[in-house]
Structure formats: structure tokens, C-alpha cells
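This report concerns only the one structure given below.
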Amino acid sequence: MSEREAMYDPQKIEEKWQRRWDAERANEPDLDAPERPFYNLMMYPYPSAEGLHVGNLYAFTGADLYGRYRRLRGDEVFQPIGFDAFGIHSENYALKVDTHPMELIPANIANFTRQLRRAGIMYDWSHTVDTTDPGYYRWTQWIFLRLYEAGLAEKKEAPVNWCPSCKTVLANEQVIAGECERCGTPVGTRTLSQWFFRITEYADRLLENLEWIDWSETTKTAQRNWIGRSKGALLRFPVVVSGGMEPAAGSAAVSGKAASAASDRPTASTDASAPTIDVFTTRPDTIFGASFMVLAPEHPLVERVTTEERRGAVEAYREKVAATDLVQRKKADRSKSGVDTGARARNPATGQEIPIWIADYVLMEYGTGAIMAVPAHDQRDFEFAREFDLPIPVVVAPRQAAEAADDPADVAIEAGEEAVADTGDVLLVNSGRFSGTEAEEGGRAIVEWLAGDGLAEPRVQYRLHDWCISRQRYWGPPIPIVYCDACGAVPVPDEDLPVELPYVEDFRPEEGGVSPLARVASFYETTCPECGGPARRETDVSDTFLDSGWYFLRYPSTDADDRPIDDARTETWLPVDMYIGGEEHAVLHLLYSRFITMVLHDLDYLEFEEPYDRFRKHGLLIKEGAKMSKSRGNIVVPDEYMDRYGADVFRAYLMFLGPYQEGGDFRDRGIVGVERFLTRLWDSVSQAAEEGREGFPDEAVERKLHRTIRQVTGDFEGLSYNTAIAALMEYLNEARSAGRTPTLDEVRPLVVMLAPVAPHAAEELWEELGGEEPLFASAPGGGERSRNVWPEWEEELLHADEVEIPVQVNGKVRATIRVERGADRETVREAALADENVRRHLEGAEPLKVIHVPDRLLNLVIE
RNA sequence: GCCGGGGUGGCGAAACUGGCAAACGCGGGGGACUUAAAAUCCCCUGGGCUUCGGCCCCUGCGGGUUCGACUCCCGCCCCCGGCACCA
């Protein structure tokens, strides 16, 4: 071989091996009869027009390293990729460049595909998914229908952010400081009829399963926060009927139950037909301190209870609130506002009449949309009481203060400058017969007491809302429902799926909060599947998170066109063995896909209820200390680097720059380190191949090899790629320091361990070393299957006969001595005492204590 | 505010179950090769002191436990992420 040919030329070999992997269908496992199936999944990308971002590539490369590692260990690895191409992101971009998404998306997908192949990622291109393909979204619609049948999909009114300039609904994430992120117009609130999935029904299971699934802890925590379970009680406050109030027919939120008075508690004349205000509280123990009530301005009872003279003020306030966007309203640092309705409710514990206010700090969407205000023990209520001069009775006190009082039921404590919400070592005071009880216990007793009259019950409340899947947009799968005057909402029959999204020239969002599809008569005009009469299609499309809620179920079954998932394939490959993705999807996607999986399990379509056996998040890649973003102009385009250094060097650099699960900083300078490493490795292996010597002439190198195998294997298991690469570097340095050409036995395992990181170079070197079969280029489903070529280490070869151990005097290292491995305490102690520097520090004293950690350390303690 | 994850050389980072802090790499300094540069190779590289034997200091800050602490405990500071007028 001439010297010229022996040079490391990434471009040449990368293309060669990519072609060969394709030709031999190396990345396509036998989906029907795999020996050791392993489903290695990564979060599929949104195919943007800008092309593959280095952040995407970072994520995919890390997942690919794991897949390739499993493959080399003999697993048949299924590693698919797809494209999350529906959604507002694509649609907005299409609007901006004035090109139809149906034209844009295929070009973007082609570009992504080219880049991903170039990066040498081990995808099975015969099983991809494109969410905008009718062959895919047909089944997205099918899933909607299954939820609809199960009563888990319902249409209801809900307040949403509305941008009056863009004339569209905005997600909370698209509202920045009360303004539309695109045009800067202040955003308002609108109430629209929307489709919801009742994910709240699954809140408990979604929470409970987090106990056992093997996921990154941070991700589990994020989900727990998002679900937001609170334990407390539902309490009922009867409205005091005054002359002006007309009892009206009960609405959904009105409890029809009459409040009857308990015999041991002050009673009041309450009309049997009067409504009650239900509140949720986590602190039922503080009910004696509830000095007023607050309803959300949108609360259905507001109109009914408001007195005649307050009506004008209440209406004005409600209008003002309606004009405020949800994001702005939820800011905690705003000063409190509200108005008195003039109505009164009876505190069921004290029997006192307390005023009913409305205020925008109470949200209709959480709990019952109404609260009992306990200003002494809740900061928000406190601020409100201060603002409007409402009483602040103290009903909880530190044990010491409470016990010092003559009568805990009559303690004079002034409210301080803020609410005291502690639940630690506190007792109830001024709380009737519950005074003197420990707070938590008192709360339980109070609930039990009031429950006797139907005025209280224990309750668990979730922060999680039902999942709104309606989008008044164009670029998504139409929701498969038909509205018929005679039959109402009728699901589209399965055999009529897909409801195809028509090509619409003008797909701009519509003024009136309806989808652009509402302008397309040929789309919405249809006949009722039930009665055959004229009917109108639902014109909203579904959320992209529904597309991604099940894509991983589709991959193994993409060739089944008459059913969403093939049972046998699903049983073989699912649940996913390893899922790797970004923390930004810790809640939405990962929660929604768990929900969809659970529902399909309950409906008997799946045997498992959790979709991913293991989930690991990868970190964020930043650029010289700053987040990469278009506006900063510091986006790294991978193509340039792959052109200059080759895919292998680029992959190795991305994986070396920091711990994969924590992310890292992309700096141009750092890449030369791994380039040098791969070049040196290439040269050493080429020379070894040329000389062709076998064996392990050097004990130190052999030992280092076994240590390296142990280290690298563990690192791959834990996705610690940076230290795995460092270990390979160390081994190469050791092998080269022997001052001779390495032997074949010395470099073969090195090449295998390098293969997940730099698969093209490894294949080429493996071939050069005379590997009978390529590392990856044989289809795992054909020929010799489940081939395990990963090297193994031997315990007895890990250690030398002699070890170096530090000798400490009083915990400070004073010498390093060489002793036989496994030497006992006496031997080591004597060797240590022979050392001059050690003796000097002992100053002739006999050690009081000798700490000996075999083969690790000796510590002589003299004081 | 609550819940996570962090804070280690000039820089990116290592350090297993409490046992030699700084592996690996970048950058920097010196040298070899070269007419020269690049590339490559070798040596040095946390700070301070030194009689060149060594000695002292150092993992955000302050305490503690221990023969021994980057690691465990208590109290603080700062950075990143999630949640947040959530009753």
C-alpha cells in the first residue's frame, strides 16, 4: 500500500460505506423474526426549511451511538426516523415564504434525509413516518375516533388567547408578556368551542406509573410538577338569600344540595333552594379564618348572586378582565383587584355571614373557580384583604404561642405584615372546639364534622387540564366528525378514513376563530353517515402533539396499510427499549404519548400501558456560552463541518465535548483534538495491519486494554460518551508509547469500540485488519445473525502484580510506595516506614492508628 | 415562592461505594524536523514558597462528621431548567 492511500480520507471512505450499508440493507432488521430485538428510538424532528440543526444532530448522534453499541453486542436493533411535519411551525413558515406547505414539506424532508444519511446514522429507511401523509394521519384520525367512542373526547367551551391582529388562537407559549410573539399586539381572551381529550381522567395513573418507569429523574419531576396533584377538601358555603336574589335553575357548577344546619354549630336561616358555593382548599383547617369568598369573574354563579346595586360595577369588572390575556392575568406580582358582589355567604364553621367578591386572581380553570379566602394564612388572600380592608382573623399559631394562651379558642393575635402559611409545628386557635388541635389533624376533623351535613368532602385536585386538541388552522389532520342537524355530532366511519386535508390555495387563518377549511365548501359539505341527510364536517384540525402521540407505535407497522399497528410486530418490538430525546418535551409530548398508550391499552389494542421502558434525556448544545438561535445568528450548520472534517470526526467531537446527558458548549477550536486522535488511530491501525503481528508483547498495554474495555463498556451503558472517548484516547496513547508498531490483537478491540463513534472509519479499518465480515454492513436479519463482536475484559488481566500506593501521615500524602498486589497491612506498613520522607514526618512517633485500604492507600495517624 | 440539576485549572471537562483532585482534550510555553511556514513528534503547564530534599494553599462561601470529604450532614450565595396568583 502506498503512503498516499494510507492517509485518513474521511470523505472517500464515508461515502463508500454509506453506499455499502444501503446496498446490503445493513440497517434493516428482520422485523418479523428477530433473534434479539432492540427498539432504539429518538425523538423525530420537525423538518424545518433551514435544514438539520447541529442540535438535532447532537441528539441523533448520541442515540445512534447507543444503537450501534447494542448492535455490536449482538442485538438486532431497530432504529427508525420520521418527520413531524404538521403544525403551526410549518404553517407559519409557509405563510412567511408564501409557499404552500404541501410543496415545502417534501423538499424539507428530502434535505433532512440527505443530511441524516451523511451523518452516518443507522436508520432503517424502509420504515419511516411522515405525519402529513394521508396513510399516516388516517390512523391519527382513527385514534381520535377510538377516544371519542370511549367518551374521552368531548367538545366544550374554553377560554383561549386570541390575537386580534393575526386573527388566530395562540398557545400560551406564543404569548410573550401579554403580546403576540409575531406581531406584538396585546392579546385578549376569547371563549371558543373546542375538542378536548380527557387526560385528567388518567392523572392518577400517569402520576403513579412514574414510580416504576426507568426514566431520567429530572423528567419524572417535571411530569409530577405538571400534573400537580394537591390533596385537600371540597367545602360548601351556602349563599345567604336576600330579597333581591332570584333562585334560578341549577347550572353545572351550582350544587343543588341545600345546606342544612348542624345542631352543634350556629345556625342561620338558609333557603332550601339557595345555591352553595363550592370551594377547593388544601387547608380546610383554616376555615374558621375564612372572612370572605372570592369567585372567578367568569364563575357561572356571579350573575345569580350579584345584588342589584352592585350589578354595574361587577359587569364593568368582568369586561375589563375579559380584555386581559391569560398570561398577563396569571402574573403573581400584580396588585390585587376585584369588586364586591354585594352577596353574602355563610361560613359553615363559624356561622358568620361573609362577603362574596369577584377577583381575577381566582382562576376558573383551577379547582371550582371559587375560593374561601383566609387572609391570615394565605399570602394572596392577605394582599387582597389589605387592599380592600377586609378582616384578617388569625386561626393558626405556633405551638408555643397557642399553648401559652389561657383559652386557645379566644386568642388575641394581630395579623402581621404577611400571611403565615406554615404548617409545621402549629396549632389551631380561635377555631371553636377545634382550637388547640394540631393543624393537620384539625383539618381532618373539621372535614369530617362538616361532611356530616354534606358541607365537606375530601378531594384531590390536579393542576393538569384536559388536553385541547382543536386547532383553528389549516396544516393538520382534519378532526373526523360530521355535524348533522338531525343526528348531532356523528363520527366519520372508519372505512371513510382518511378525511383528507384538501389542497387549499389560501390557507391563512380565519378572522372568526374557525379554520380556513371553513371557507372550503367542497370540504365541509357532506352527508350524514347516519341519516344520509345534508351535514357539515368539523373544520378544525388536530394538534401536532396527537401526531407525535403515537408515531413510535407506527414505525414497525408502516407496511401494514389496513391497520394502524400490526399486532405481531407490536408484540415483538414494543414497548420501546430505549428512548432518547430532549428535555423540552419532558411534559407535553412524553405525557401525551403516555396517555395515548394507556388509552389504547385500556381499549385492548396494546398489551402494555407505558410506551417507553427507558427514557434518557440529552443535554442542550450551546455555542460559546450562549443558546443557539436564529436571532443571535450563532446557529451551527453541520454540513460545513462534515465537509471539512468528515462525519466521523464531527460525531466524535459532538460526543466528546461534554457529558451527553448534560449538554455542552460547541467551540470550533475543540474539534481538532478528535481529528488528531482519529488520524493517529488510523495511522497506528494501518501500520498494525501492514506489519500483521499478533499477540500481546507488552503487559502494560494488555492491561490497559482490559481496563479500557471495562471503562468503555460501562460508559456506553450510561451514555457517558465523553469519558468513553477519553478512555479510547488513553489506550491509544499507551499503545503508541510502547515505541513500536502495535499488534493486530492490540488494535482490533480498539476498532470495535471506536465503531459506534466513528462507524465509517471503523469499518474501513476493520476491513484492513482482515475482519471476515464487516461490523455493520451485513443485514442483521440475514447471514450470521446477532453477531456479538464487542470485546470482553478479563478480571485477572486488569491489575499488575505490583501496585503503587500513596502513604499518608495524618491524612497528607508523604510518599508513594510500590508493593506487591494484595500485600497485607504489616508488609505495607513496613515498606512505608522504610521511606525517608515518611519517617521524617512521623518524627519518631509510633502511629496511634494505621488505616490500610488494600491496594489503595495507607494512612499513619500520630495525633 | 416550590421542585429538580449544577458551581472543580486560562477553557471544555474527569474523579467508581468517602481513599493520590485536575484523567482526556483545547489553549499556552519550550524544543526537534524544515530554507521557512503548515503538519507531525517530544517535554512543561492549578497557585505560592523553596536551601531543589521538599513545604504550604486549592473543588462557590461558612461550619460539622471522619484517620481521611469534590463526594456525607447543617446553614448560606450564585447559575441553569421546570412549575407558579394552582387556592
Side-chain angles (χ1 to χ4, degrees), chain A residues 216-228 230 232 279-283 286 294 329-334 336 359-363 365-374 378-381 383-384 421 461-465 583-584 586-587 617 619-620 622 624-625 627 653 656-659 661-674 676-677 679-680 683 710-711 714 720 722-730 732-733 736 804-816 836-837 840-841 847-853 855-863:
Chain A
S216 308
E217 207 46 52
T218 54
T219 314
K220 289 196 198 184
T221 306
Q223 292 215 345
R224 284 192 192 102
N225 286 346
W226 187 264
I227 295 169
S230 301
V279 302
F280 171 72
T281 178
T282 53
R283 296 291 306 277
T286 62
V294 186
R329 176 169 162 189
K330 289 186 193 174
K331 284 238 170 79
D333 49 4
R334 287 169 64 226
K336 296 284 178 289
D360 67 355
Y361 82 93
V362 174
L363 307 171
E365 65 199 61
Y366 185 76
T368 62
I371 61 160
M372 68 171 192
V374 184
D378 180 281
Q379 188 58 28
R380 296 152 301 177
D381 299 345
E383 284 163 20
F384 193 82
Q461 188 67 43
Y462 299 94
R463 201 201 71 93
L464 180 71
H465 295 340
E583 187 70 343
E584 68 274 18
V587 281
K617 60 135 193 172
L620 186 71
I622 57 173
E624 269 141 34
K627 225 175 185 167
Y653 174 60
F656 183 64
L657 54 70
Q661 296 190 71
E662 280 162 45
D665 199 344
F666 188 95
R667 281 162 202 265
D668 292 13
R669 288 197 308 208
I671 198 167
V672 303
V674 288
R676 286 174 193 156
F677 164 61
T679 307
R680 276 197 292 263
D683 292 343
R710 183 177 62 171
Q711 170 84 32
S720 301
N722 56 330
T723 49
I725 294 167
L728 295 176
M729 287 171 167
E730 274 188 71
L732 180 67
N733 291 346
R736 285 162 62 89
E804 265 192 359
I805 69 171
V807 179
Q808 301 181 332
V809 178
N810 288 333
K812 286 185 193 259
V813 180
R814 297 303 178 187
T816 313
E836 199 186 318
N837 202 37
R840 197 156 55 82
H841 282 276
L848 298 171
K849 217 169 172 183
V850 178
I851 313 282
H852 178 233
V853 185
D855 297 335
R856 300 223 59 154
L857 159 140
L858 185 80
N859 188 9
L860 304 169
V861 185
I862 56 171
E863 58 187 27

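Side-chain atoms are counted along with the backbone in the values below, which use heavy atoms only and exclude waters and symmetry mates. So you know, we letter chains A, B, ... as the sequences are listed, proteins then strands, and number each from 1.
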Which value, in whole Å, describes the distance between the [atom1] atoms of nucleotides [N] and [M]?
N	M	atom1	answer
B/G25	B/G9	C1'	14 Å
B/G5	B/G10	P	28 Å
B/C58	B/G47	P	16 Å
B/G63	B/G54	P	32 Å
B/U17	B/G12	C1'	28 Å
B/A15	B/A69	C1'	13 Å
B/C74	B/U65	P	15 Å
B/A32	B/A39	C1'	14 Å

Quick check: closest heavy atoms across [X] and [Y], and the distance to 0.1 Å?
X	Y	result
A/R814	A/N837	O-ND2, 2.9 Å
A/S230	A/T282	CB-CG2, 3.9 Å
A/G664	A/L657	CA-CD1, 3.7 Å

If I take atom [atom1] in residue [X] and atom [atom2] in nucleotide [N], what distance separates them, rounded to the nearest angstrom?
X	N	atom1	atom2	answer
A/L620	B/G5	CG	C1'	14 Å
A/D378	B/A84	CG	P	17 Å
A/N837	B/C52	CG	P	15 Å
A/E836	B/C55	CD	C1'	15 Å
A/L728	B/G25	CG	P	12 Å
A/Y653	B/G12	OH	C1'	7 Å
A/W226	B/G4	CH2	C1'	16 Å
A/D381	B/C85	CG	P	15 Å

Look at the side chain of [X] and decide which nucleotide, out of [options], has an atom nearest to it.
X	options	result
A/T282	B/G4, B/A87, B/C86	B/A87
A/R814	B/C56, B/C67, B/C86	B/C56
A/R669	B/C26, B/A87, B/A84	B/C26
A/R463	B/A84, B/C67, B/C26	B/A84
A/K812	B/C56, B/A87, B/G27	B/C56
A/E365	B/C85, B/C83, B/C86	B/C86

Has the side chain of [X] got a donor or acceptor atom that lies under 3.5 Å from a matching backbone atom of [Y]?
X	Y	value
A/T368	A/A370	yes
A/D378	A/A373	no
A/Y653	A/R667	yes
A/Q661	A/S720	no

For [N], take OP1 and OP2 only and decide whether either is under 4.0 Å from a side-chain N or O of [X].
X	N	answer
A/N225	B/G81	no
A/R380	B/G1	no
A/H841	B/C55	yes

Which residue lies more 5' along RNA chain B, comparing A/Y361 with A/N810 via nearest heavy atoms: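 On the 5' side of the pair lies A/N810.
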First encountered from the 5' end of RNA chain B, between A/G670 and A/G367: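 This one resolves to A/G670.
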Give me, pair by pair, the N or O atoms of the protein and of nucleotides 41-44 of chain B that are less than 3.5 Å apart, along with how far apart they are.
| unit_1 | atom_1 | unit_2 | atom_2 | d |
| --- | --- | --- | --- | --- |
| B/C41 | OP1 | A/R680 | NH1 | 3.3 |

B/S/- contact track for nucleotides 13-24 of chain B, protein heavy atom under 4.0 Å: SS-B--BB--BB
In B/G9, glycosidic geometry as syn within 90° of 0 or anti otherwise: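 Chi for B/G9 falls in the syn range.
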Syn-anti status, with the boundary at 90° from 0, for the nucleotide B/G82: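 Here the answer is anti: the torsion falls beyond 90° from 0.
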Sugar-phosphate only, base, or nothing, as touched by A/V362 at under 4.0 Å among non-hydrogen atoms: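 Base, at least one base heavy atom under 4.0 Å.
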Sugar-phosphate only, base, or nothing, as touched by A/R840 at under 4.0 Å among non-hydrogen atoms: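 Here A/R840 touches the backbone only, sparing every base.
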Where RNA chain B forms stems, i.e. three or more consecutive Watson-Crick or G-U pairs with both distances under 3.5 Å: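 Ordered by first number, the stems with RNA chain B (at least 3 consecutive pairs each) read B:1-7 with B:77-83, B:10-12 with B:24-26, B:27-32 with B:40-45, B:46-49 with B:54-57, B:60-64 with B:72-76.
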Cation-pi, A/F384 ring and A/K336 (6.0 angstrom, 45 degrees):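 No, a cation-pi geometry is absent between A/K336 and A/F384.
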Salt bridge present between A/K617 and A/E583 (N-O < 4.0 angstrom):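 Result for this pair is no, no salt bridge flagged.
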